[in-house]
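A quick write-up on the structure given underneath.
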Protein chains: 2
Amino acid sequence: MDESDTDTKKAARESGDTAPGQSAADDTQNGLLENASAKRRSGGVNARMRDVAKRAGVSTMTVSRALSDPDRVSAEMRERVITAVKEIGYLPNHLARSLSSTRSTTIGLIVPSVDNFIYTQTVKGLSEVIRRSGFQLMVAECGHDEDEEEEVIKTFLGHRVGGLILYNTEHTEEARAMIRASDVPVVESGNLPRRPLDMAVSYSNSEAAKAMTLYLGRLGYKKIAFACLDTRNNDRSRDRREGYLEALKQLGQTPDPRLIIDTARGMAAGAEAVAHAVEAVPEVDALFCGGGLLAAGAFFECQKRGWNMPGRIALASFDDIEMLHHLSPTVTTLRLPRYDIGVRAAQMLISRILDRADHLKGSVVDLKFEIIQREST
Amino acid sequence: MDESDTDTKKAARESGDTAPGQSAADDTQNGLLENASAKRRSGGVNARMRDVAKRAGVSTMTVSRALSDPDRVSAEMRERVITAVKEIGYLPNHLARSLSSTRSTTIGLIVPSVDNFIYTQTVKGLSEVIRRSGFQLMVAECGHDEDEEEEVIKTFLGHRVGGLILYNTEHTEEARAMIRASDVPVVESGNLPRRPLDMAVSYSNSEAAKAMTLYLGRLGYKKIAFACLDTRNNDRSRDRREGYLEALKQLGQTPDPRLIIDTARGMAAGAEAVAHAVEAVPEVDALFCGGGLLAAGAFFECQKRGWNMPGRIALASFDDIEMLHHLSPTVTTLRLPRYDIGVRAAQMLISRILDRADHLKGSVVDLKFEIIQREST
DNA sequence: AGAATATTTGGTATCGCTAACATAATAGCG
DNA sequence: CGCTATTATGTTAGCGATACCAAATATTCT
């Protein structure tokens with residue numbers, strides 16, 4: 001009874017001209033098949049659509065439709081299928097679904113690092129929207145290495161992701177070519193790209209740095225130091241430095257190379273930055289830190305030295321991390337729309353995938369930033 | 001010439017009894033196929049193994065073997081295949097690979113939240129090992145909600161992940177059943193489970209809390225408050241509280257419910273905890289915070305009140321976040337092996353998948369913790 | 001009412017790859 | 001030198017789903 005319909009079909013097809021030998025072979029195979037699937041089917045988790053179909057007494061196509069496009073089957077069928085699915089504990093196989101339909105619900109995300117709060121807020125936004133939309137997130141790190149990014153892109157395209165999110169706007173030529181050829185929608189973030197691959201959602205690092213520097217200048221600070229993160233493999237850092245310089249120009253201040261302090265990440269680096277700045281230019285009266293932890297480290301160093309902020313030195317930070325407004329004095333920061341960037345990026349990407357929203361192609365969304373003015377300036 | 005081999009095969013199979021009409025139909029289909037794939041094939045990224053095979057003049061099986069088990073083909077073949085792959089820019093389709101082989105290189109990770117440093121350090125460890133081993137990470141959030149976790153598990157099993165990592169040790173019965181039925185290896189983390197699903201890698205929350213409390217007690221503190229995170233949906237928090245109580249018992253101190261302060265997350269909550277503690281029990285002489293940000297918030301509150309640490313009150317924290325050893329006084333903390341947990345968990349999971357290391361089944365690895373003694377106690 | 005159209009359901013051939021078996025070519029052995 | 005191991009490649013039949021088209025049934029309209 002189990003395989004009856006399949007058998008009759010086969011018989012119908014074979015009637016008339018099949019050699020007996022071949023028929024025997026077919027039967028054997030059928031037997032093997034049944035054994036194998038019976039073993040696997042023990043847990044309903046591994047059941048196939050066919051098992052559901054058999055149980056509901058319908059074809060696999062009806063099951064397929066009932067599950068992925070319920071309106072295309074009658075209410076009664078839908079009911080029967082859903083019941084069978086529940087009874088068996090069937091879980092649709094997404095691999096087969098994607099392979100067969102050439103549509104994928106997996107989105108690939110590539111970030112420099114998964115344990116840096118700079119990125120994780122964006123990841124949070126992405127994650128929430130993606131999951132709510134029935135998609136899944138595949139994540140990988142690429143450091144600040146374009147070649148590594150290329151490798152990951154290759155892997156993700158191999159997985160036939162439905163879309164890509166790159167927290168980076170500089171890519172190898174090879175990576176660009178692959179993405180173009182694959183025709184997979186992409187959102188870049190982390191900066192506003194001059195030459196977007198496809199779509200982009202970000203704030204402008206240069207504008208933000210410029211705005212903060214201008215703000216400091218307008219408050220009357222004359223010797224504004226800038227603690228700058230590594231610019232070698234990081235266009236974000238480079239753009240921040242550009243913004244800083246641009247602002248100085250607008251303020252009519254001549255940039256002093258000794259006031260641009262190259263620093264590592266972390267609080268210790270922030271403390272060092274203070275030391276370097278004051279050693280090189282004793283009359284420095286403001287320090288703009290290119291990162292939140294940097295600013296926190298600088299803060300404690302200043303405090304240790306007994307300096308008033310902003311009396312002796314004003315302090316401003318690029319990122320608005322929680323700590324900075326619990327310190328005393330509270331620290332002036334740039335609030336960046338990190339979470340919103342994630343949300344928006346995911347929404348745009350999913351529109352492209354689901355609604356073929358091709359008009360979004362090429363859009364570069366600037367989500368701006370905000371200066372949070374506090375006591376330290 | 002293009003489709004010659006396929007054509008001959010088909011001809012051979014059809015010889016003798018196929019109706020002309022059907023043959024014609026076949027031809028049409030072939031033609032359509034060719035058109036479609038020619039279109040798709042424009043970018044090598046979407047090429048199929050067949051295209052590579054044709055170019056190298058070998059069968060697809062040889063290509064398959066050359067790529068996934070190079071030692072099983074001759075050096076010359078390997079060479080030819082690799083060359084063809086490069087010329088075309090072919091990327092193997094992982095979906096098809098997994099479907100066909102019923103092996104998957106995707107690992108599913110479920111964490112309560114992707115933007116909490118508590119988890120991200122572990123994710124970092126996982127991510128590095130997973131990628132180095134040629135696997136991919138699929139990530140989703142589940143909050144502190146078991147039902148949500150169950151949903152995500154369902155999705156991931158649908159994607160036929162090769163393994164699961166759950167940052168949580170409490171699951172719905174349904175979730176346990178599905179995992180058991182699916183026979184997918186699992187690592188639980190975040191706590192040492194009494195009843196592991198499969199494998200587990202963690203430290204013990206109760207032991208850690210107990211150790212810190214004992215440490216404080218032995219230093220002579222008599223009124224040790226504990227700032228406790230939400231225990232309703234969080235066995236980690238519950239275990240920490242248990243550890244605290246256990247230690248008090250061992251110290252011969254009677255627990256005072258007013259010294260167990262239920263708090264939310266974040267620095268603001270830490271500040272409130274200080275206020276609550278001192279209001280309820282003015283003679284409180286130590287505060288043990290169940291989280292790093294909590295401790296930081298408490299620190300600033302004490303500072304604001306002009307309290308000496310540990311003169312007026314000793315402060316200790318459950319997590320060793322960077323900030324806490326940049327403050328003055330530096331804060332005593334529990335250092336937890338979060339990164340190592342990720343590394344170890346990934347290694348074990350991958351051993352299970354790749355080497356069928358079944359002896360690992362059931363292992364619960366305790367990676368311990370360390371008390372970092374600093375000035376605040 | 002009867003043809004025409006719309007709606008539901010089913011059959012078959014893929015999607016791109018690998019497992020399993022079959023075969024050809026090479027090597028090893030007494 | 002013939003015959004069995006071994007190695008290297010090819011053939012076939014799926015993996016579990018959906019696309020596409022055909023068939024059957026229900027609905028609408030003149």
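Below, chain A is the first sequence line, B the second, and so on; all start at residue 1. Fair warning: this is a prediction, and the values are worked out from it, not measured in the lab.
In terms of phosphate contacts, B:S64 brings a side-chain nitrogen or oxygen within less than 4.0 Å of OP1 or OP2 of C:dT18. Listed pair A:T102 / D:dT18 fails the phosphate criterion, with no side-chain N or O lying under 4.0 Å from OP1 or OP2. Proximity of B:T60 to the phosphate of C:dG16: no side-chain N or O atom is located under 4.0 Å from OP1 or OP2. Checking the phosphate oxygens (OP1, OP2) of C:dG10, a side-chain nitrogen or oxygen of A:T62 falls inside 4.0 Å.
For A:V58, the side-chain atoms get nearest to C:dG10 when compared with the rest of D:dT18, C:dT8, C:dG10. Taking only side-chain atoms of B:R50, from C-beta outward, the nucleotide of C:dC15, D:dG16, C:dG10 with the closest atom is C:dC15. The A:S74 side chain lies nearest to C:dT8 when the options are D:dT18, C:dT8, C:dC17. The listed nucleotides are D:dT9, D:dA17, D:dC15; the one nearest the side chain of B:M77 is D:dT9. Closest approach to the A:S59 side chain among C:dG16, C:dG11, D:dT18 is made by C:dG11 (side chain taken as heavy atoms from C-beta onward).
Using a 4.5 Å heavy-atom threshold, the side chains of B:L166 and B:I179 count as touching. Inter-residue side-chain proximity for A:M138 and A:I107 is flagged as unmet; no heavy-atom pair is nearer than 4.5 Å.
Partners of A:R80 according to the side-chain hydrogen bond (donor to acceptor under 3.5 Å, both in side chains) rule, which considers only residues two or more places apart in sequence or in another chain, are A:E76. Under the side-chain hydrogen bond (donor to acceptor under 3.5 Å, both in side chains) criterion, B:E150 pairs with B:T172, sequence neighbours left out. Judged as a side-chain contact (heavy atoms from CB on, under 4.5 Å), and not counting sequence neighbours, the contacts of B:E87 are B:R55, B:T83. Judged as a side-chain hydrogen bond (donor to acceptor under 3.5 Å, both in side chains), and not counting sequence neighbours, B:N93 has no contacts. Residues passing the ring pair (Phe, Tyr, Trp, His ring centres under 6.0 Å) test with A:H94 are B:H159, sequence neighbours excluded. Under the rule for a salt bridge (charged side-chain N to carboxylate O under 4.0 Å, His left out), the partners of B:R180 that lie at least two apart in sequence or sit in another chain are B:E173. By the side-chain hydrogen bond (donor to acceptor under 3.5 Å, both in side chains) test, A:R160 is found to be paired with no residue, residues two or more places apart in sequence or in another chain being considered.
The nearest whole Å value for the distance from the CG atom in B:D51 to the P atom in C:dG16 is 9 Å. In this entry the distance linking CE of A:M49 with C1' of D:dT18 reads 8 Å, nearest Å. What separates CZ of B:R72 from P of D:dG10 is a distance of 13 Å, to the nearest Å.
Residue pairs meeting the salt bridge (charged side-chain N to carboxylate O under 4.0 Å, His left out) criterion with at least one partner in residues 88-97 of chain A, sequence neighbours excluded, are absent. Evaluation of the salt bridge (charged side-chain N to carboxylate O under 4.0 Å, His left out) test over residues 57-69 of chain A, restricted to residues two or more places apart or in two chains, returns A:D69-A:R72.
Within 4.0 Å (heavy atoms only), B:S98 reaches no atom of the nucleic acid at all.
Across the helix from C:dA1-D:dT30 to C:dG30-D:dC1, the helix axis at one end is tilted relative to the axis at the other end by 30° (nearest 10 degrees, each axis from five pairs).
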Taking only nitrogen or oxygen atoms into account, show me every contact under 3.5 Å that the protein makes with nucleotides 19-22 of chain C, one pair per line with its distance.
from   : atom 1 : to     : atom 2 : distance (Å)
C:dA19 : OP1    : B:R103 : NH2    : 2.1

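DNA chain D is contacted by no residue of residues 154-164 of chain A, taking any non-hydrogen atom closer than 4.0 Å.
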Which is it for A:R48 and A:D51 under the salt bridge (Lys or Arg N to Asp or Glu O under 4.0 Å) test, yes or no, and what are the steps along the way? CA-CA 5 Å; A:R48 298 151 305 167; A:D51 305 318; 2.9 Å; yes
